[in-house]
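Read the numbers this way: they start at 1 and go in the same order the structure lists the ligands and their atoms.
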Amino acid sequence: MRRIRANAIAILTVAWILGTFYYLWQDSKPHTPPSSTDSRSRGHGGQPKVVPGRLEIHRDDRTIALIVTQPPRLDQGQLLGGFDEKSYLSAKTLKPGDDPYREHAFNLQESDRLGSERAIRDTRHYRCASMNYDVDLPSTSIIITFHNEARSTLLRTIKSVLTRTPSSLIQEIILIDDFSTDPDDCQLLSRIPKVRCLRNGRREGLIRSRVRGANSASASVLTFLDSHCEVNTDWLQPMLQRVKEDHTRVVSPIIDVISLDNFAYLAASADLRGGFDWSLHFKWEQIPIEQKMARSDPTQPIRTPVIAGGIFVMDKSWFNHLGQYDTHMDIWGGENFELSFRVWMCGGSLEILPCSRVGHVFRKRHPYDFPEGNALTYIKNTRRAAEVWMDEYKQYYYQARPSAQGKAYGSITDRVTLRRKLNCKPFRWYMENIYPELRVPEQEAVSSVLRQGGLCLESKGPEGLGLGECRGIGGNRPQAQRWELIEPLIRQHDLCLAITAFTAGSKVKMEPCNSKEPRQKWKPKGAALQHMVSGLCLDSQSPTSPPVIMQCRPQLASQIWEPQIIS
Ligand code: UD2
Ligand code: MN
């Protein structure tokens, strides 16, 4: 009994001496407040690193932590300089009775209640805590664009960076205020040490805003973040390490989920990577099973076909060499595909690093307006990505997103030239080597109905056409209402839609398909279907008589044919 007590006293004495020694020795690095489960941490130095106030004994993978003292923290004055956090946050609060979701599409009341900083759970695999990183990692410029972001979420993003990153790694934090209604946010936040804010003179969207930020960055490595994030313990070191070792790697963290309702910080699965479907809709998907089986070390990077887009680290000269972003993309969307295709096809790689974790508030709707409309903007941006990078595979994009056909997307000459200059590989290579799991649809597989209100275009008899009440759901549609839209043909089995003469008022009928026959060539024009040669549009006139071609009038209900894909 006495031996045990003597041993305990000896251990505690050693712990106390080491703790005090470390406390005196440690540099001025800011530290996070300890969270309840935050039991392990390791610095970015090569040697085993002890969190101040803890004595850590490392045995294999297990870390035993004895808490000795409270970790020292930078006081708010050092951290925030001349920035008055209290008045910044209290100047804009929710008024009683206001809908807390209205302005930001997340619960503002909960965000405000949390204040500027809070402890979050260290969500990494425990082995991450014993990873070693080079002592001479490059410093980075952190770029955060925002448009009307809530003050509490934006400040929490910035403060989480300042408190959870070794200060030597932060060259600067560049905010780009994308013409938010209130210019004060930008001005006030610039008072925080290391923070600079550039305000756009007009709404540019996140793509051009990021390019502006990147152009003004002084560090050799760029780090992009959304304006409603919270970075977690040692989030940056793994990413800087991978980029330092190979500047062509573009790396992102596992993106944890901050609940849009109660702001709980939730660990995301570590078995996911970025994927998409042919309509260029981003999705998280399971790592393919063979890759999962081959992963013996959960700290290893995960190769990903695409990145989510908002949070990543990239070498600045590599970013510039590869052509930054397509700055003709507007507001939001599609830039993550364009960047991902470009990185893979032009000699780089994309990775998700499980030992890096950053929380993000995922929302269900956009809280801001799109000057050209949400759908048109997404189509413009993804069309540009498809037209420049997807070669013959772009047909599947148009099949999956027929409404994209005929929509304006501007000139892509510069980007096509860039692709040629960089000598990038074909999309086929990307499909075969990077994303073989993405199945190419069988031609016959994509069919759709052409809906006009409650009526659907249907074939009647051997050659006839007309409108009928839309029948069946999903794949259960009657054959007469199934159409395949494969430009320029509108097809049903081996019969195609054809005009009978090139003049307005001419009837439309069905005849054997021939893609060279000018009378059978159609293309979408907005929600209408335009005959390519006559320039006239398919018009139902009356539900009882067969359709005809008439002068295109986009608003006319009898010319609107909504394609709805059926399996
Ligand atoms: C995801 C990405 C986002 C971007 C987007 C596709 C993550 C975590 N987020 O959508 O970064 O790649 O997919 O484009 O991967 N913003 C502006 N100007 C605008 C619109 C938005 O500065 O006109 C800012 C906005 O305040 C935010 C960032 O851009 O900080 C991303 O916008 P988001 O949060 O609405 O996008 P998100 O997370 O839905
Ligand atoms: Mn976001």
Side-chain angles (χ1 to χ4, degrees), residues 103-106 111 142-151 153-158 161 173-182 185-186 189 197-214 222-231 235 250-260 268 272-276 280-284 304 306-314 325-327 329-340 350 352 356-374 377-382 384-385:
E103 235 181 298
H104 302 285
F106 56 64
S111 175
I142 297 171
I143 298 168
I144 305 171
T145 74
F146 67 96
H147 176 74
N148 289 341
E149 183 59 69
R151 285 191 165 188
T153 40
L154 180 52
L155 183 58
R156 230 176 5 257
T157 308
I158 298 168
V161 169
I173 299 177
I174 304 174
L175 305 177
I176 297 94
D177 171 2
D178 189 13
F179 200 53
S180 301
T181 316
D182 183 355
D185 295 40
C186 193
L189 291 167
C197 186
L198 311 169
R199 180 171 159 84
N200 290 341
R202 60 168 193 198
R203 179 86 176 279
E204 298 286 359
L206 71 91
I207 298 121
R208 288 193 287 279
S209 300
R210 280 185 194 159
V211 169
R212 182 171 181 207
L222 307 173
T223 300
F224 295 94
L225 282 178
D226 272 11
S227 49
H228 32 257
C229 293
E230 282 167 73
V231 301
W235 69 291
V250 176
V251 297
S252 50
I254 291 184
I255 307 181
D256 283 334
V257 175
I258 301 174
S259 158
L260 66 95
L272 300 177
R273 62 175 195 176
F276 58 90
L280 291 184
H281 171 82
F282 177 85
K283 58 182 184 190
W284 297 106
T304 185
V306 290
I307 52 169
I311 308 175
F312 64 96
V313 174
M314 185 166 181
Y325 270 123
D326 177 353
T327 52
M329 290 188 176
D330 299 325
I331 307 296
W332 178 97
E335 92 295 341
N336 53 331
F337 297 114
E338 197 271 344
L339 178 74
S340 299
L350 293 176
I352 295 172
S356 175
R357 295 260 183 174
V358 173
H360 169 260
V361 187
F362 288 92
R363 294 178 283 206
K364 295 191 184 125
R365 64 172 172 88
H366 298 289
Y368 39 75
D369 66 308
F370 287 67
E372 308 290 328
N374 178 351
T377 306
Y378 199 71
I379 283 175
K380 173 180 174 185
N381 295 353
T382 50
R384 292 183 68 83

Shortest non-hydrogen contact between G309 and N336, atoms and distance: CA-CB, 3.6 Å
Parallel, tilted or perpendicular: ring planes of H228 versus H360, cut at 30 and 60 degrees: tilted
Ligand 1 and H366, any nitrogen or oxygen pair closer than 3.5 angstrom? no
Just heavy atoms, cut-off under 4.0 Å: does E204 contact ligand 1 by side chain, backbone, both, or neither? neither
When you look for heavy atoms under 4.0 Å from ligand 1, do you find them on the side chain of R365, its backbone, both, or neither? neither
Please write down residue, atom name and distance for the protein heavy atom closest to atom 4 (C) of ligand 1. E335 OE2, 3.4 Å
State which residue, out of Y368, Y378, F282, fulfils the ring pair (Phe, Tyr, Trp, His ring centres under 6.0 Å) condition with W332. Y378
For atom 37 (P) of ligand 1, what's the nearest protein heavy atom and its distance? W332 NE1, 3.6 Å
Candidates G310, G359, A308, G274; heavy atom nearest atom 13 (O) of ligand 1 found on A308
Which segment of H147 sits under 4.0 Å of ligand 1 when only heavy atoms are counted: both
among protein heavy atoms, the one nearest atom 9 (N) of ligand 1 is D226 OD2, 3.1 Å
G334 and T382 have their tightest heavy-atom pair at CA-CG2, 4.1 Å
Roughly how far, to the nearest 0.5 Å, is CG of D369 from CG of N374? 10.5 Å
For atom 16 (N) of ligand 1, the closest protein heavy atom turns out to be L206 CB, 3.9 Å
Can you tell me how far the CD1 atom of I142 sits from the CD1 atom of I173, to the nearest 0.5 Å? 5.0 Å
Quick check: does C229 have an N/O/S atom under 2.8 Å of the Mn ion (ligand 2)? no
Under 4.0 Å from a heavy atom of D178: which atoms of ligand 1 are those, numbered in the order shown and with their elements? 17 (C), 18 (N), 19 (C), 22 (O), 23 (O)
Straight-line distance of L175 CG to L154 CG, nearest 0.5 Å: 6.0 Å
Looking at non-hydrogen atoms alone, which of S227, P253, G333 comes nearest to atom 27 (C) of ligand 1? S227
Have a look at ligand 1 and work out which part of T145, if any, has a heavy atom under 4.0 Å from it: side chain, backbone, both or neither. both
Ligand 1 atoms nearer than 4.0 angstrom to some heavy atom of R363 are 33 (P), 34 (O), 35 (O)
So how far is it from W235 CH2 to R357 CZ, rounded to the nearest 0.5 Å? 15.0 Å
Output yes when D182 and R151 qualify as a salt bridge under the 4.0 Å nitrogen-oxygen rule, no when they do not. yes
Find all atoms of ligand 1 within a distance of less than 4.0 Å from any non-hydrogen atom belonging to H360, and give their numbers and elements. 8 (C), 38 (O)
Distance under 4.0 Å to a non-hydrogen atom of G309: what atoms of ligand 1 satisfy this? 11 (O), 12 (O), 15 (O)
Check Y368 against ligand 1 and report side chain, backbone, both or neither, counting heavy atoms closer than 4.0 Å. side chain
With a cut-off of 4.0 Å, which atoms of ligand 1 are near a heavy atom of F146? 22 (O), 26 (O)
Cationic N near anionic O, under 4.0 Å, D326 to R210: no
Between T145 and R212, is any side-chain donor less than 3.5 angstrom from a side-chain acceptor? no
When D178, D177, T181 are each screened for side-chain hydrogen bond (donor to acceptor under 3.5 Å, both in side chains) with N148, the one that passes is T181
Considering only heavy atoms of H228, which atoms of ligand 1 have at least one such atom less than 4.0 Å away? 27 (C), 34 (O)
Give, rounded to 10 degrees, the angle between OD2 (D226) and NE2 (H360) as seen from the Mn ion (ligand 2). 90°
